[in-house]
Amino acid sequence: MAVSKTVKLDQFCKSILDVDRNIRSVAILDSKGRLLHSITHRGVAQPNLEKWNDIHYMECMFDISLGAKFDDLYGPIRYHYSDKDEDFVMFSFPHRRNVIIVTSTKRISPITLSTKIAYTINDFKKLD
């Protein structure tokens, strides 16, 4: 069962990674901010995610959970966008009890990219 879940998570991450060539990495976190699965784009200089992993993942989980308190007032959060440095942005997408973290370059509109990723996530949910 664990192998099939890992394969499914890998396929899910790859489908998001294939959305746009500007995407650098995809990570899936559980509700406590622990990494379940991640994948990076080959041949692209990757920011040092090691230094951000625990603290930054927890920050993303906090942003999503804090926003959930206002779901009744403003509607559910579809994604969270963070501008991290000169050429690095990060998106967080709530997905069931997990959060999907997508890192990307700034060479694409955040709204365009987040829309493409959201459609991919929704399409994958239909297959589930």
Side-chain angles (χ1 to χ4, degrees):
M1 175 140 159
V3 173
S4 66
K5 185 174 181 178
T6 302
V7 169
K8 191 177 233 180
L9 288 175
D10 194 54
Q11 290 172 344
F12 184 48
C13 289
K14 283 180 182 176
S15 67
I16 295 171
L17 195 65
D18 291 340
V19 164
D20 192 276
R21 64 186 171 96
N22 290 302
I23 294 176
R24 290 180 172 180
S25 66
V26 179
I28 300 176
L29 310 176
D30 69 6
S31 60
K32 294 182 183 357
R34 291 181 298 226
L35 183 65
L36 296 175
H37 191 78
S38 68
I39 189 169
T40 58
H41 203 304
R42 286 191 227 169
V44 176
Q46 186 65 18
N48 187 1
L49 295 177
E50 306 300 321
K51 68 179 182 178
W52 292 344
N53 61 6
D54 291 336
I55 294 170
H56 197 63
Y57 289 165
M58 289 302 290
E59 175 190 336
C60 294
M61 295 303 294
F62 178 73
D63 289 342
I64 296 294
S65 66
L66 185 62
K69 295 181 186 221
F70 298 100
D71 281 356
D72 292 338
L73 187 58
Y74 298 111
I77 291 177
R78 301 290 182 223
Y79 72 94
H80 179 265
Y81 169 80
S82 300
D83 194 341
K84 292 299 170 194
D85 67 21
E86 303 101 39
D87 190 42
F88 176 63
V89 294
M90 190 174 78
F91 297 87
S92 307
F93 295 86
H95 178 63
R96 296 190 178 114
R97 287 176 276 165
N98 301 327
V99 172
I100 301 164
I101 308 275
V102 178
T103 62
S104 172
T105 65
K106 292 184 179 179
R107 294 184 196 125
I108 187 169
S109 160
I111 295 172
T112 301
L113 184 58
S114 63
T115 302
K116 288 179 179 180
I117 294 168
Y119 280 128
T120 302
I121 292 169
N122 288 337
D123 289 344
F124 206 84
K125 280 183 189 177
K126 292 175 188 175
L127 298 175
D128 221 6

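As the structure is a prediction and not an experimental result, all values here were calculated from the model. This chain uses plain numbering: 1 for the first residue, then up along the sequence.
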For this session: Applying salt bridge (Lys or Arg N to Asp or Glu O under 4.0 Å), name anything that partners D18, two or more places apart in sequence or on another chain.
Result: none

For this session: Mind running side-chain contact (heavy atoms from CB on, under 4.5 Å) on F91 and I101 for me, showing each step along the way?
Result: CA-CA 6 Å; F91 297 87; I101 308 275; over 6 Å; no

Problem set entry | ring pair (Phe, Tyr, Trp, His ring centres under 6.0 Å) between H37 and F12, intermediate numbers included | CA-CA 10 Å; H37 191 78; F12 184 48; 9.9 Å; no

Problem set entry | Listed partners of D30 passing side chain to side chain contact (heavy atoms under 4.5 Å, CB included), at least two apart | K32, R34, L36, N98

Exercise. Between atom OG of S104 and atom CG of D20, what is the distance when rounded to the nearest 0.5 Å?
Worked result: 6.5 Å

Exercise. For the side chain of T120 and the backbone of K116, is there at least one donor-acceptor N/O pair under 3.5 Å apart?
Worked result: yes

Problem set entry | Distance-only donor-acceptor check, side chains N22 and T105, under 3.5 Å | yes

For this session: Compare every heavy atom of T115 with every heavy atom of I111, then report the nearest pair and how far apart it is.
Result: O-OG1, 2.7 Å

For this session: Any chance you could lay out the side-chain contact (heavy atoms from CB on, under 4.5 Å) test for V99 and F93, step after step, and finish with the verdict?
Result: CA-CA 6 Å; V99 172; F93 295 86; over 6 Å; no

Seminar exercise, completed: dist K106:NZ -> L113:CG (nearest 0.5 Å) comes out at 13.5 Å

Problem set entry | By ring pair (Phe, Tyr, Trp, His ring centres under 6.0 Å) - contacts of Y119 (at least two apart) | none

Exercise. Measuring from I16:CD1 to I23:CD1, what's the distance to the nearest 0.5 Å?
Worked result: 7.5 Å

For this session: For S92 and Y81, run side-chain contact (heavy atoms from CB on, under 4.5 Å): C-alpha distance rounded to whole Å, both residues' side-chain angles, the deciding distance at 0.1 Å, then the answer.
Result: CA-CA 7 Å; S92 307; Y81 169 80; over 6 Å; no

Exercise. Less than 4.5 Å apart, any side-chain heavy atom of R24 and any of T40?
Worked result: no

Exercise. Would you say the side chains of S25 and T103 form a donor-acceptor pair under 3.5 Å?
Worked result: yes

For this session: Test K14 against I39 for side-chain contact (heavy atoms from CB on, under 4.5 Å), laying out the working first.
Result: CA-CA 7 Å; K14 283 180 182 176; I39 189 169; 3.3 Å; yes

